[in-house]
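Here's the structure, in C-alpha cells; my notes come after.
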Amino acid sequence: MLDIRLIRAELESVRQGLAAKGVDADLDSLVAQDERRRAIIAEVETMKAEKNVVSADIGRRRAAGDGSTAAIEAMRELNERIRLLDAELREVEADIELRLLAIPNLPHSSAPVGLDETANVEVSRYGTPPAFDFTPAAHWEIGTRLDILDFERGAKVGGARAVIYKGGAAHLERALINMMLDIHTREHGYRELYPPYLVLEQCMIGTGQLPKFGEDSFRIADSDFWLNPTAEVPGTNMYRDEILEEAALPLKHVAFASSFRSEIGSYGKDTKGLIRLHQFNKVELLKWTTPETSYDELAKLLRNASTVLDRLGLAYRVVEMCTGDLGFTAAKKYDLEVWLPSYDRYVEISSCSNFEDYQARRANIRYRPANGGRPRLVHTLNGSGLAVGRTVAAVLENYQQSDGTVRVPEAVQLYMGGMTVIDK
RNA sequence: GGAGGGGUGUCCGAGCGGUUUAUGGAGCUGGUCUUGAAAACCAGUGACCCCGCAAGGGGCCGUGGGUUCGAAUCCCACCCCCUCCGCCA
C-alpha cells in the first residue's frame, strides 16, 4: 500500500499518479480520517500519561499506608474515557487500513502514460519468427495428433481449462522446469525454493491479491487457505514481518510452483490449448532489494528471464507496460512476449515487475541499513522465468515439422535424455 | 486427534498485581592497562512501533480480548514450538 504520510504530504501528485492508472480514489476522506486519527492519538495519549502518573502515585501512597480512595474514583472515570477513545481509534484505523489496501501502487515516472494495452511500448525484439513451407498447426492440434496433450480427458477430470499432458509433452514440461531452474540457480545466482501451494489469507493481502481481487483466485472452502495464484504469493510473503540485513541484499530466489487462477472474467478468451488454464506451472524469479538498486535489479531480472528464451531459440519481444496496464501493485513492468504461430503474434510468457515498497509495506518486509540506523522497507520484484505451459506451447508450434512431429530445441535435449524429436 | 511442558529485548535468562523507567549475564561501543592482542576493570548501549519540527509522550514481555485505580505477572480464546501417545505419505 501507499504511505499515508506520502498521501498527506503530496496529495495532488498522488492523485495524478492514480489517475494515470485510471483510478479515482477518494483521497479527501482518507486524509480527513487520518487527521481524525492523529487528533484522537494526541488526546488519548495525554490521558494515558496522566493515568500513568496517578497510578504510580497511588502505588506509592498505598505502600506508605495511605488508603485514600478519591484518586481511585477519579481514575475510574478517566479510564472509561480512555476506553471509549481507544475503541474509536481502532475503528478509524481499521477504516484507514481498508481504504489504503484498496488503493493501487503509483506508477514509476518513466512508465509510458496510457489507459490500456494499446499504449504499451515495444522495447526490443530478438530472434526471427520461423518461416514454414507448410501450414503450421496450433499447439493444441499438434498435441492432439501426437496424443501428447489430451484436452478431452483433461476436461473429464478437471473441467474446462484443464489438460492432461502425456508422453513427450509431459516429459517436455518436466524438462523445461529443470532447465529453467538450472539456468537461474547455476548461472544467475538465485537460490531455489519450493513453496507451499496453500497460502494464508494474510499472504494474499501482503502481495495485493486481496482484498480487491479475491474472485481471481480459488479459496479453499471452510478454511483460511487460498490456492496460490502465483509463486509470488508464498515467495514474497516468506519474509513477512522480518528485518533483513542489508548485506543479504539483493536476496534472490527462484521458485517452481503450480499456480491456480479462476479466470473469471476471461470467458471466451484463449479457450484452446495451454495458454490459459486454471492450473499451470511457472518458474518464478523473486528479489528483495534496497530502494537504490531496485531498477538495476529489475533490468537484470528481465535479462535473466530472457536468457531462457534465448536458449530455446524462440523469437520474442520486450514490451514496456503503460501506466494503465501495470496492474494493481506494480510501479514498473515489462512483459516478455514469445512468438506463437497459431496466434500470428507475440504472446505474453513472462511479466517482470518492480513493486518498489508497495508490497513491502503491506507485508512489513524491511532491512537494516549497513550503517545501522532505522529499518527501511525493501523493494520487492518478481518475474516469470518462465511460464512453463506457454513455453511448451511455443516450443511445439515453433519447432513443428511437416510430418507432424516436433524437434526438441538443442538446449532441452540434455534434459530429455538426448531425445531430439517428439512424436507419438 | 489425546496428554504434558513452554513462548520475555541481538542471544541466554530472571520476574509471578504497584519500589520494573523489564533484574543479571553474554554481546556491542568507548576507555584504562598492554609492544600488540587476550584477560581484567571502568563507562556507555537495550529490540521494535505510533504521534510530534522538537522537547517529549504513548505503546510493546507469542496474538487478541477481559478483570483491576494499576497486569510481563490474574482470567478467557487463539497461534506457534517441544516431549510422549494415536494416525498417516
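- Across all strands shown, B:rG1 forms a Watson-Crick or G-U wobble pair, both distances under 3.5 Å, with B:rC85.
- Pair assignment for B:rC16: none, as no Watson-Crick or G-U wobble contacts are both less than 3.5 Å.
- If you measure from atom CD1 of A:I72 to atom P of B:rU67, you get 17 Å, rounded to the nearest angstrom.
- Look at A:R38 and you won't find any side-chain N or O under 4.0 angstrom from OP1 or OP2 of B:rC50.
- A:F218 has its ring centre less than 6.0 Å from the ring centre of A:H278.
- Look at CZ on A:R240: it is 15 Å from P on B:rU63, rounded to the nearest Å.
- With sequence neighbours excluded, the residues that form a ring-ring contact (aromatic ring centres under 6.0 Å, His included) with A:H108 are A:Y295.
- Between the side chains of A:T207 and A:Q209, at least one donor-acceptor pair of N or O atoms lies under 3.5 Å.
- Residues forming a side-chain contact (heavy atoms from CB on, under 4.5 Å) with A:L11 (at least two apart in sequence, or on another chain): A:I7, A:R15, A:L27, A:D28, A:V31.
- For residues 241-252 of chain A, the pairs satisfying side chain to side chain donor-acceptor pair (under 3.5 Å) are A:D241-A:N364, with sequence neighbours left out.
- The separation of B:rA3 from B:rU19, taken at their P atoms, amounts to 38 Å, rounded to a whole angstrom.
- Summarising the geometry, the separation between CE on A:M47 and P on B:rC69 is reported as 18 Å, rounded to the nearest angstrom.
- If you check B:rC69, B:rC48, B:rC51 against the side chain of A:S55, the one that comes closest is B:rC69.
- The partner of B:rC48, taking Watson-Crick or G-U wobble pairs whose two distances both stay under 3.5 Å, is B:rG59.
- There is no side-chain donor-acceptor pair under 3.5 Å between A:T307 and A:D310.
- The nearest heavy atom of RNA chain B to A:R76 and to A:E93 marks one nucleotide each, and the one closer to the 5' end goes with A:E93.
- If you take atom P in B:rG7 and the same atom in B:rC16, they sit 14 Å apart, rounded to whole Å.
- Rounded to an integer number of Å, the gap from CZ of A:R83 to P of B:rG66 is 7 Å.
- Across B:rC12 and B:rU23, the matching C1' atoms stand 14 Å from one another, rounded to whole Å.
- Nucleotide B:rU73 forms no Watson-Crick or G-U wobble pair with any nucleotide shown, as no partner meets the under 3.5 Å limit on both distances.
- Here the P atom of nucleotide B:rG64 and the CG atom of A:D86 are 13 Å apart, to the nearest Å.
- Nucleotide B:rG70 holds its C1' atom 12 Å from the CD1 atom of A:I82, rounded to whole Å.
- Side-chain N/O atoms of A:T289 and A:E297 include no donor and acceptor closer than 3.5 Å.
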Under the criterion side chain to side chain contact (heavy atoms under 4.5 Å, CB included), I'd like the reasoning laid out for A:M416 against A:L172: C-alpha separation, chi angles, the key distance, then a yes or no. CA-CA 7 Å; A:M416 294 188 75; A:L172 178 60; 3.9 Å; yes

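- The interatomic distance linking A:D224 (CG) with B:rC79 (P) rounds to 9 Å, in whole Å.
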Letter by letter from the 5' end, nucleotides 54-59 of chain B scores (B base, S sugar-phosphate only, - none; protein heavy atoms under 4.0 Å) ---BBS

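- Partners of A:R219 according to the side-chain contact (heavy atoms from CB on, under 4.5 Å) rule, which considers only residues two or more places apart in sequence or in another chain, are A:W226.
- A side-chain N or O of A:S342 and one of A:E397 form a donor-acceptor pair less than 3.5 Å apart.
- Minimum atom distance to the side chain of A:N79 is reached by B:rG70, of the listed B:rG70, B:rG18, B:rG52.
- Relative to the side chain of A:R37, the nucleotides B:rC69, B:rG52, B:rC50 differ in distance, and B:rC50 lies closest.
- Base pairing of B:rA43: its partner is B:rU29, meeting the Watson-Crick or G-U wobble criterion (both donor-acceptor distances under 3.5 Å).
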Tell me, with the steps shown, if A:F151 and A:W140 meet ring-ring contact (aromatic ring centres under 6.0 Å, His included). CA-CA 8 Å; A:F151 293 97; A:W140 55 89; 7.9 Å; no

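- B:rG15 and B:rG6: their P atoms are spaced 13 Å apart (whole Å).
- Residues from residues 359-369 of chain A placing a heavy atom under 4.0 Å of any atom in RNA chain B, listed by number, are A:R366, A:R368.
- B:rC61 and B:rG9 have their C1' atoms separated by 9 Å, with the value rounded to a whole Å.
- B:rU35 sits 44 Å from B:rG56 when the P atoms are compared, rounded to a whole Å.
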